[in-house]
Structure formats: C-alpha cells, structure tokens
*Asks:* 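Right, I'll just put the structure down here and ask away after.
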Amino acid sequence: MPEAARLPILVPTNVGLKVARDHSTRFSLHVGSDVSQGFNTTQEHKSQTHFATSGFDNGDNVSVSAASSGRFWSPTTAPSLKAWTDWCDRQGTKLLDGTISLERIFDGFLIPEDLIERSPHVLLGVQWPWQVYTGSRDRLTLRYEDTGYMLTDVEFEVDDYSPTGPFLSSLITGAWRIAYQADYNTKGLVYRLRGQDAVVVSSGPNAQPRALEEWLNAHKPDLLPASPPTSSASRSTARTWT
C-alpha cells in the first residue's frame with residue numbers, strides 16, 4: 001500500500017477480509033461505515049485481501065486500490081499515454097521508498113462512521129443527493145395536491161437554525177410547501193413528515209408511486225452543517241450527516 005503514501009486525506013471505501021477456519025476460507029467485503037470491521041484482524045485466522053481508498057493529491061480527488069497479491073491500481077482513466085507513464089513512475093518511486101511505513105498509512109485512515117445522535121452544529125442547507133441527478137434513467141416527479149414537479153425542480157429550505165433538536169426543513173415549489181423533520185435514532189437519520197405527504201412518481205414502465213417519506217428515507221438528502229462534525233480516536237473518524 002505504499003502507493004497511498006503522502007496523501008494527506010485518505011478514506012477507505014471498501015476492504016476485503018479473508019477468514020480461514022478449519023481448512024475452509026470465507027470472504028467478506030466491508031463498505032461505507034462498515035469498513036471498520038475490515039480492520040479487525042487481531043485474530044490469526046483473519047487477513048485483509050485488498051483496500052480501496054479515495055483521497056486528495058495536490059487538491060485533486062484520487063482513488064488508489066491495492067491487494068495482498070502485490071497488485072495496485074486506480075479506476076481513474078488516464079487522458080494520455082504520457083499521463084499513465086507519469087503515474088506509474090510516481091507509484092514506482094513510492095514502492096522503492098524504504099521510509100514509507102504501512103502502519104503509519106493505516107493509522108492515518110479516515111474511517112467513515114454513522115452518526116446515531118445529533119452533533120451541536122447549525123444546519124445551513126439541504127440538497128438532493130447526487131444520485132438524483134445522475135443515478136437513474138427514469139424521470140422522477142413529486143406530486144402534491146394534484147400538482148407535480150420534477151424532483152430536481154423542488155428546492156429545500158431550512159426552517160430552524162437551532163443547534164439542538166430535530167433538523168427542520170421544507171421542500172418548496174412555486175405552488176406548495178411540504179414540512180419535514182429529520183432526527184437520529186439507533187438506525188441513523190430518519191425523516192418524518194410534519195404535515196400532509198406527497199408522492200414520488202417514476203416514469204419507468206413498471207414503477208409504482210411511493211410516499212415521499214418512504215422515498216426520502218431510502219434516498220437521504222445531504223445535510224450541510226455550519227461545521228462538519230469530526231471525532232478523533234485511535235484512527236481518525238469522518239462522519240457525515242446522511
């Protein structure tokens with residue numbers, strides 16, 4: 001994993017874990033906040049098969065992956081042969097650098113962690129997750145009181161800027177306003193309606209209308225805090241309000 005060295009912010013996105021017991025081998029893949037389970041290799045029968053990480057290099061978002069076989073790669077497409085050979089030269093330099101410590105790389109990982117309680121930060125804004133714009137070929141329409149709008153034309157507005165209590169916001173258009181609240185429980189962030197609900201309708205041939213509350217809890221919007229909450233532990237922890 002030396003090719004991930006000298007990246008100031010490095011977040012593991014998935015970790016493969018091999019578990020060998022009684023002549024049988026099992027494999028598990030850990031992603032998102034579950035990646036912390038991939039670092040539990042204190043028992044002799046557990047070992048990591050690969051890491052996939054993302055981070056920043058000179059301000060650019062980069063992704064680097066490595067396997068226990070010695071193979072490493074990046075999903076990024078090189079714009080030219082010269083760019084690819086330059087990338088190979090940079091990784092080769094790191095592989096030959098004896099001052100790079102794998103332990104220091106692993107200790108510097110930012111491990112995603114799901115929040116189960118609110119941190120004392122003011123909510124400044126709410127936005128649709130990026131999948132709403134690029135993740136589906138079907139057009140999504142939000143219908144309320146016999147009036148429909150494309151989902152991407154519906155905006156959010158924060159209703160309360162208190163640092164405590166549920167997050168209060170509304171979905172707004174030129175015709176109506178739908179009030180919601182979001183709060184944490186043991187399952188994470190949960191959205192609840194504060195009035196009459198709307199319906200999300202997809203243009204897919206077999207799609208069924210879904211209540212907006214159900215849809216929001218399956219496709220959680222991004223909450224934008226005044227100051228992102230972080231936590232320090234034996235490994236750094238990156239938390240997200242989703």
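Positions are given from 1 along the sequence.
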*Asks:* Can you run down the salt bridge (Lys or Arg N to Asp or Glu O under 4.0 Å) pairs that involve residues 144-155, sequence neighbours left out, and say none if there aren't any?
*Replies:* none
*Asks:* Side-chain donor-acceptor pairs under 3.5 Å in residues 163-172, sequence neighbours left out?
*Replies:*
| unit_1 | atom_1 | unit_2 | atom_2 | d |
| --- | --- | --- | --- | --- |
| Thr164 | OG1 | Ser162 | OG | 3.3 |
| Ser170 | OG | Asp159 | OD2 | 2.5 |
| Ser170 | OG | Arg177 | NE | 3.4 |

*Asks:* For Ser63, which residues count as a side chain to side chain contact (heavy atoms under 4.5 Å, CB included) partner, sequence neighbours excluded?
*Replies:* Ser54, Pro75
*Asks:* Taking all heavy atoms of Tyr191 and all of Leu223, pick out the closest pair and write down the distance.
*Replies:* OH-CD2, 3.5 Å
*Asks:* Which atom names give the shortest non-hydrogen contact between Asp222 and Pro129, and what distance separates them?
*Replies:* OD2-CA, 3.8 Å
*Asks:* Looking at side-chain heavy atoms only, is the closest gap between Tyr149 and Arg143 below 4.5 Å?
*Replies:* no
*Asks:* Nearest 0.5 Å, please: how far is CD in Glu214 from CG in Asp197?
*Replies:* 10.0 Å
*Asks:* So, do Tyr180 and Leu193 sit near enough that their side-chain heavy atoms are less than 4.5 Å apart?
*Replies:* yes
*Asks:* Do you know the tightest heavy-atom contact between Leu124 and Ala226?
*Replies:* CD1-CA, 3.6 Å
*Asks:* Step by step, work out the side chain to side chain contact (heavy atoms under 4.5 Å, CB included) result for Trp215 and Leu151.
*Replies:* CA-CA 12 Å; Trp215 194 92; Leu151 199 63; 3.4 Å; yes
*Asks:* Can you measure from OG1 (Thr173) to CE (Met150) and round to the nearest 0.5 angstrom?
*Replies:* 14.0 Å
*Asks:* Taking the side chain as every heavy atom from C-beta outward, state whether Phe72 and Leu95 have any pair of such atoms under 4.5 Å apart.
*Replies:* yes
*Asks:* Taking Trp128 for the side chain and His219 for the main chain, is one N or O donor matched with an acceptor at less than 3.5 Å?
*Replies:* no
*Asks:* Residues in side chain to side chain donor-acceptor pair (under 3.5 Å) with Gln127, at least two apart?
*Replies:* none
*Asks:* Does the side chain of Val154 come within less than 4.5 Å of Trp176's, by heavy atoms?
*Replies:* yes
*Asks:* Could you go step by step and tell me if Leu224 and Val126 meet the side chain to side chain contact (heavy atoms under 4.5 Å, CB included) rule?
*Replies:* CA-CA 6 Å; Leu224 310 177; Val126 187; over 6 Å; no
*Asks:* I'd like to know if the side chain of Asn217 reaches the main chain of Glu213, judged simply by a donor and an acceptor atom lying under 3.5 Å from each other, with no hydrogens or angles considered.
*Replies:* yes
*Asks:* Check side chain to side chain contact (heavy atoms under 4.5 Å, CB included) between Arg192 and all other residues, then give those that pass, not counting sequence neighbours.
*Replies:* Gln181, Asn185, Val190
*Asks:* Side chains of Leu216 and Pro221, heavy atoms from C-beta outward: is any pair under 4.5 Å?
*Replies:* yes
*Asks:* With the side chain counted from C-beta on, respond yes when Leu212 and Leu142 share a heavy-atom pair under 4.5 Å apart, and no when they do not.
*Replies:* yes
*Asks:* Under 3.5 Å, which donor-acceptor pairs do the side chains of residues 81-89 form with other protein atoms, sequence neighbours left out?
*Replies:*
| unit_1 | atom_1 | unit_2 | atom_2 | d |
| --- | --- | --- | --- | --- |
| Lys82 | NZ | Asp86 | OD1 | 3.0 |
| Lys82 | NZ | Asp86 | OD2 | 2.8 |
| Thr85 | OG1 | Leu81 | O | 3.3 |
| Thr85 | OG1 | Lys82 | O | 2.9 |

*Asks:* Between Thr53 and Val64, is there a donor-acceptor pair closer than 3.5 Å when you use the side chain of the first and the backbone of the second?
*Replies:* yes
*Asks:* Are Val199 and Leu140 connected into the same hydrophobic cluster when the rule is that any two of I, L, V, M, F, W, Y join if their side-chain heavy atoms are below 4.5 Å apart?
*Replies:* no
*Asks:* Between Arg118 and His121, is there a donor-acceptor pair closer than 3.5 Å when you use the side chain of the first and the backbone of the second?
*Replies:* yes
